[in-house]
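Right, one structure below, let's go through it.
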2 protein chains.
Amino acid sequence: MIRLLLAEDQAMIREALATLLGLEPDLEVVAEAGRGDEVLPALEAAQQAGTPVDVALLDIEMPGLDGICAAEQAHARYPGLRIVILTTFGRPGFLRRAMEAGASAFLVKDAPAAELADAIRRVMADERVIDPDLAAAALADGNNPLTSRERDVLAASAGGATNAEIAARLFLSEGTVRNYLSACIQKTGTRNRAEALTLARAKGWL
Amino acid sequence: MIRLLLAEDQAMIREALATLLGLEPDLEVVAEAGRGDEVLPALEAAQQAGTPVDVALLDIEMPGLDGICAAEQAHARYPGLRIVILTTFGRPGFLRRAMEAGASAFLVKDAPAAELADAIRRVMADERVIDPDLAAAALADGNNPLTSRERDVLAASAGGATNAEIAARLFLSEGTVRNYLSACIQKTGTRNRAEALTLARAKGWL
DNA sequence: ACGCCCGCATGACAGATGTCATGCCGCCGT
DNA sequence: ACGGCGGCATGACATCTGTCATGCGGGCGT
């Protein structure tokens, strides 16, 4: 019996997935989390209850902590735990980060449901499960060209934030903000901050 | 036995929901669609197969046609069909549009799974199912203040499109684009196009 | 020690964005 | 007929964004 933890913020989806997986004779959902920062506590609780989790299924976009950060924490604390990342968007940067975080599988929600149970069984057999096209895209994409600070500033530009606002928020001068954004624009090969942000998000660089 | 159609572009989620609903003794998923423009044909096929759909569950954000437009078409063609809109974001403008399109229920995926089956049974009993908080927000929000053309131009500004690009795309002069965007910015009470776009999207106005 | 990279900053300037005033046309309701 | 609204446009101008040059300090690897 493979014991699973399921982390997904949308309750309806989480429960539907739990039901689907619960129908498999060799799978059992023993823990659930609706936020990224509930993953570690849930793993702890399952351990304490005598039903240690074998495989954690983590959505990426969750409140409290994103699934990849949660994977890092979980992997550090429970080295034997297998991690399957589940995501809406197969962004290459996410794939890269997920692998670095110790994930054994990376699945997009566009895949057929049968692939989920299959992936779980394969990671239990110490396999890696990644879509070959996505892996190729991630490798072709090269590394995220943005420095840490550039990412901060680009992320802060979302929603129409002015340079003055970004500067105040990140304790920088406006000129520095303009320089960082200009660097982001050039590194991403785009024409303005909005386009740079759109592309960086699509690539999973932020 | 209530016969259902399920329209949701993410295969894994759709199948999980179909499994969940299929476990209810009085519900049966007789049709599925992965794109908005497959909804009508799927309804047609179910009708032809002698298993006419009673309730259509439509996700909003789907390729080919959004769920609300699909609802409009389905409602026009099958007046007796009940429509339940399922969405990730409870945007007031979406709620308003869904109701206008003939939907009988509007559910967010954050809701517990039990609410889905419950909503299906209630709309079969000719009830309306809407979260009271969401309804209040939609009523408090007032109407979408943007004209059709303003919405076109604001939507076209996404992703960093320049005024010249928007103008070329919508067959306008750049000055007209600037005027329309300025109007959007003022009507939304924001400071620039990016913020106007962010807010209009959050409200379900686009 | 030196070179590179990152973070941060100033300053000058070109171009894009946003505001405002104004005006024409067509449609619709009164 | 008239007024209001939406769509479209021109023109002037203020402000914001983006580019470039330059420079300082600190950390790291060779």
Side-chain angles (χ1 to χ4, degrees), chain A residues 93 96-97 100 141-206, chain B residues 93 96-97 100 141-206:
Chain A
R96 188 182 292 266
R97 279 181 59 214
E100 284 164 7
D141 251 9
N143 294 327
N144 181 344
L146 305 176
T147 68
S148 172
R149 211 55 176 145
E150 283 161 359
R151 294 200 296 274
D152 289 346
V153 172
L154 186 57
S157 75
T162 63
N163 291 337
E165 284 176 331
I166 298 166
R169 185 161 148 200
L170 300 182
F171 307 103
L172 301 171
S173 74
E174 277 190 49
T176 299
V177 168
R178 296 208 300 274
N179 281 333
Y180 278 133
L181 287 173
S182 183
C184 289
I185 290 163
Q186 288 177 47
K187 286 182 176 179
T188 51
T190 58
R191 293 152 320 157
N192 51 54
R193 67 184 59 189
E195 199 178 344
L197 183 65
T198 301
L199 184 136
R201 276 179 170 162
K203 298 243 185 213
W205 284 343
L206 298 178
Chain B
R96 188 183 291 266
R97 279 181 59 213
E100 285 166 7
D141 251 6
N143 294 327
N144 182 345
L146 306 176
T147 67
S148 171
R149 211 56 175 144
E150 282 161 359
R151 294 200 297 274
D152 288 344
V153 172
L154 185 58
S157 75
T162 62
N163 291 339
E165 284 176 331
I166 298 167
R169 184 161 149 199
L170 300 182
F171 307 104
L172 301 172
S173 75
E174 276 188 51
T176 300
V177 168
R178 297 209 298 276
N179 280 336
Y180 278 134
L181 287 173
S182 184
C184 289
I185 290 162
Q186 287 176 48
K187 287 183 179 180
T188 52
T190 57
R191 290 150 321 154
N192 51 55
R193 65 183 60 188
E195 198 178 346
L197 182 65
T198 300
L199 185 137
R201 276 180 171 162
K203 298 245 187 212
W205 285 344
L206 297 177

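We name chains A, B, ... by the order of the sequence lines, and we start the count at 1 in each one.
Of the inter-residue distances, the one linking Arg178(A) atom CZ with Ile185(A) atom CD1 reads 12.0 Å to the nearest 0.5 angstrom. A distance of 9.5 Å separates CG in Leu199(B) from CG in Leu197(B), rounded to the nearest 0.5 Å.
Separating the CG atom of Leu146(B) from the P atom of dC5(D) is a distance of 16 Å, rounded to the nearest angstrom. We find that CD1 of Ile166(B) is positioned 16 Å from C1' of dC8(D), with the value rounded to whole Å. Atoms CD (Glu165(A)) and P (dC16(D)) sit 11 Å apart, rounded to a whole Å. Rounded to a whole Å, the CG atom of Asn192(B) is 7 Å from the P atom of dT17(D). At whole-Å resolution of the value, CD1 in Ile185(B) and P in dC16(D) are 13 Å apart.
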Inset, instruction - Can you check each nucleotide of nucleotides 3-16 of chain C against protein heavy atoms at under 4.0 Å and return B for base, S for sugar-phosphate only, - for none, in 5' to 3' order? - result: ---SSBBB-B----
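The number of heavy atoms from other shown groups lying within 6.0 Å of CZ (Arg169(B)) does not exceed 12.
Nearest heavy-atom pair, Trp205(B) versus Asn144(B), reported as atom, atom and distance to 0.1 Å: O-ND2, 2.9 Å.
Between dG18(D) and Arg191(A), no contact under 4.0 Å exists linking OP1 or OP2 to a side-chain N or O. Applying the 4.0 Å criterion to OP1 and OP2 of dG18(D), one finds that Gln186(A) has every side-chain N and O outside that range.
The shortest distance between side-chain heavy atoms of Asn163(A) and Arg193(A) falls below 4.5 Å.
The backbone N or O of Asn179(A) lies less than 3.5 Å from no partner atom in the side chain of Ser182(A), so there is not a single donor-acceptor pair.
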